[in-house]
Amino acid sequence: MTQETTTLTGQSPPPVRDWPALDLDGPEFDPVLAELMREGPLTRVRLPHGEGWAWLATRYDDVKAITNDPRFGRAEVTKRQITRLAPHFKPRPGSLAFADQPDHNRLRRAVAGAFTVGATKRLRPRAQEILDGLVDGILAEGPPADLVERVLEPFPIAVVSEVMGVPAADRERVHSWTRQIISTSGGAEAAERAKQGLYGWITETVRARAGSEGGDVYSMLGAAVGRGEVGETEAVGLAGPLQIGGEAVTHNVGQMLYLLLTRPELMTRMRERPGARGTALDELLRWISHRTSVGLARIALEDVEVHGTRIAAGDPVYVSYLAANRDPDVFPDPDRIDLDRDPNPHLAYGNGHHFCTGAVLARMQTELLVDTLLERLPGLRLAVPADQVAWRRKTMIRGPRTLPCTW
């Protein structure tokens, strides 16, 4: 399908820019995205896979407006081959990421009780217990240790299993599948086999919990299927991304620790003012580039005007939360890390009805990881030069692949 476009003023539309998926060694901002931000509030991009081009919105106010506007929908994306970062595109029925209203609220309501502030507060002592066990292990063995392998990866996987209601006897198997799915090694075939195993297990688990009154996610989904509120296929498609969802915590905190370990002034500030770490974590969440290029597109369901440009019905549109978090009109001196920045209305967890389902849970885990590692490892430092830290390659979620540390 050929896309055509014109501006409302009759001017030529911006050129279509190729946006390759860069493998960046370190936390620096994507130079292509920085250039696109300078070119205008709306540009046009072509990503490595899929077909055609898409609009890209980079200004904070536009990103918020588009993600709150029902004239831009996600469900339509599943029916087309639009330009995208991912080489493979197989959305499952029930996926919250591609649901528009009212389906989105119907699906989200089935599991919302497991991700409330209250539920997360009740989980916190158990999460701390899990984390302390992991740190006990590296302290007992002594330095050095790869914090990604020993703490940052297993901790979110274990916490998610608590929330989801994975039985103790199945955890090793589920964790193995999850690690394979999020791994950058093993290739697409190994990841696909792991997905088949995981989703098969999820199907059996949801079926087994029909009529359950438990407070874990699989019990909630089994009960919702039993009441006819969601279909079984929807329940499985909804559960999968939640089960895998600890990946963002692993790599976000990996980037945060890398910054603290390579910028002594940031580490000193975090150690000397533990009571102000909440503000500091918000700034680190704003500043880090947690993903490669952009996430999931939306489709314009009717003609929409943005900045004097007509986005035609059927046009795909991407928003960049990373760019919005560097908008100088909202965040003065946006490229500087200011751990005292206040207010800080960052969009690290998204916006609109696709705001991250597990945001409260992710924030709790982030707080526990930073607090516990800084307090229990007072001499924490890198065990290798900073330029020898290996970063993830060919991946959508950015972060250090390993973080060898001593103390």
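These values consider heavy atoms only, across backbone and side chains, with no hydrogens, waters or symmetry-generated copies. Along the sequence shown, the residues carry numbers beginning at 1.
A salt bridge links R273 with D340: at least one charged nitrogen is closer than 4.0 Å to a carboxylate oxygen. In summary, K79 and E76 engage in a salt bridge, as defined by a charged side-chain N under 4.0 Å from a carboxylate O. A salt bridge links E367 and R363; the closest N-O separation between the charged side-chain nitrogens and carboxylate oxygens is under 4.0 Å. Remark: R74 does not engage D100 in a salt bridge, criterion side-chain N to carboxylate O under 4.0 Å. With respect to the salt-bridge test (charged N to carboxylate O, under 4.0 angstrom), the residues E283 and R269 do not qualify. Between R106 and E234, at least one side-chain nitrogen of the basic residue sits less than 4.0 Å from a carboxylate oxygen of the acidic one, meeting the salt-bridge criterion. Salt-bridge annotation for R173 and D170: present, with a side-chain N of the basic residue lying under 4.0 Å from a carboxylate O of the acidic one.
In this structure, I138 and W407 approach most closely via the heavy-atom pair O-CZ2, 3.5 Å. Nearest heavy atom pair, residue T116 against residue A119, reads OG1-N, 3.0 Å. For the residue pair Y218 and A239, the shortest heavy atom distance occurs at CE2-CB, 3.7 Å. Nearest heavy-atom pair across A297 and V77 is O-CG2, 3.4 Å. When all heavy atoms are compared, the tightest approach of Y318 to A54 is CD1-CB, 3.6 Å. Nearest heavy-atom pair across M267 and L380 is CE-O, 4.5 Å.
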Is there a salt bridge (charged side-chain N to carboxylate O under 4.0 Å, His left out) between R376 and D371? Walk through the geometry before answering. CA-CA 8 Å; R376 297 197 62 190; D371 285 346; over 6 Å; no
Given ring pair (Phe, Tyr, Trp, His ring centres under 6.0 Å), test W287 with F331 step by step and report yes or no. CA-CA 10 Å; W287 191 90; F331 305 100; over 10 Å; no
For salt bridge (charged side-chain N to carboxylate O under 4.0 Å, His left out), just list the numbers for R17 and E39, CA-CA rounded to whole Å, side-chain angles, deciding distance to a tenth of an Å, and then say yes or no. CA-CA 11 Å; R17 293 284 308 276; E39 289 182 4; 2.2 Å; yes
Check the pair L96, L238 against side chain to side chain contact (heavy atoms under 4.5 Å, CB included), reporting the backbone distance first and the verdict last. CA-CA 6 Å; L96 275 176; L238 177 55; 3.2 Å; yes
Test side chain to side chain contact (heavy atoms under 4.5 Å, CB included) on L284 and L339 and set out the steps. CA-CA 8 Å; L284 293 174; L339 297 185; 4.1 Å; yes
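Defined by atom type and a distance below 3.5 Å, a donor-acceptor pair is present between the side-chain atoms of H175 and S161. For Q243 and T178, the side-chain atoms include no donor-acceptor pair closer than 3.5 Å.
Going from atom CG of D136 over to atom CD of E129 covers 10.5 Å, rounded to the nearest 0.5 Å. Going from atom CH2 of W19 over to atom CG of D30 covers 6.0 Å, rounded to the nearest 0.5 Å. Going from atom CG of L257 over to atom CG of L382 covers 9.5 Å, rounded to the nearest 0.5 Å. A distance of 9.5 Å separates CG of L221 from CG of L107, quoted to the nearest 0.5 Å. The line from CG of N68 to CG of N351 is 5.0 Å long, rounded to the nearest 0.5 Å. Taking CG of D25 as the reference point, atom CZ of R398 lies at 9.5 Å (rounded to 0.5 Å).
No donor-acceptor distance shorter than 3.5 angstrom exists from the side chain of T372 to the backbone of L369, with no hydrogens or angles considered. The main-chain N or O of G379 is found under 3.5 Å from a side-chain atom of R381 such that the two form a donor-acceptor pair. For R392 (side chain) and I397 (main-chain N/O), a donor-acceptor pair under 3.5 Å exists by modelled atom type. Judged purely by atom type and a 3.5 angstrom limit, R171 uses its side chain to pair as donor or acceptor with the backbone of V166. A side-chain donor-acceptor contact under 3.5 Å links T83 to the backbone of L47. Here the side chain of R341 pairs no donor or acceptor atom with the backbone of D282 at under 3.5 angstrom. Using modelled atom types, no side-chain atom of D69 and backbone atom of A65 make a donor-acceptor pair closer than 3.5 Å. In this structure, the side chain of Q101 engages the main chain of N105 through a donor-acceptor pair within 3.5 Å. Between the R209 side chain and the V217 main chain, no donor and acceptor come within less than 3.5 Å of each other. No side-chain donor-acceptor contact under 3.5 Å links D303 to the backbone of A312.
D315 is listed as a side-chain neighbour of W53, based on a closest heavy-atom distance under 4.5 Å. Using a 4.5 Å cut-off on side-chain heavy atoms (C-beta onward), R271 and L374 make contact. When side chains are defined from C-beta on, P14 does not count as touching L42, because their heavy atoms never get closer than 4.5 Å. Contact of the L85 side chain with the T292 side chain is registered, since non-hydrogen atoms from C-beta on lie closer than 4.5 Å. Using a 4.5 Å heavy-atom threshold, the side chains of D23 and W391 count as separate. Using a 4.5 Å heavy-atom cutoff, the side chains of T67 and H354 are not in contact. At a threshold of 4.5 Å between non-hydrogen side-chain atoms, the residues L56 and S320 count as touching. Within the 4.5 Å cutoff, the side chain of M256 has heavy atoms near those of the T366 side chain.
More than 12 non-hydrogen atoms from other residues, nucleotides or ligands lie less than 6.0 angstrom from CD of E302.
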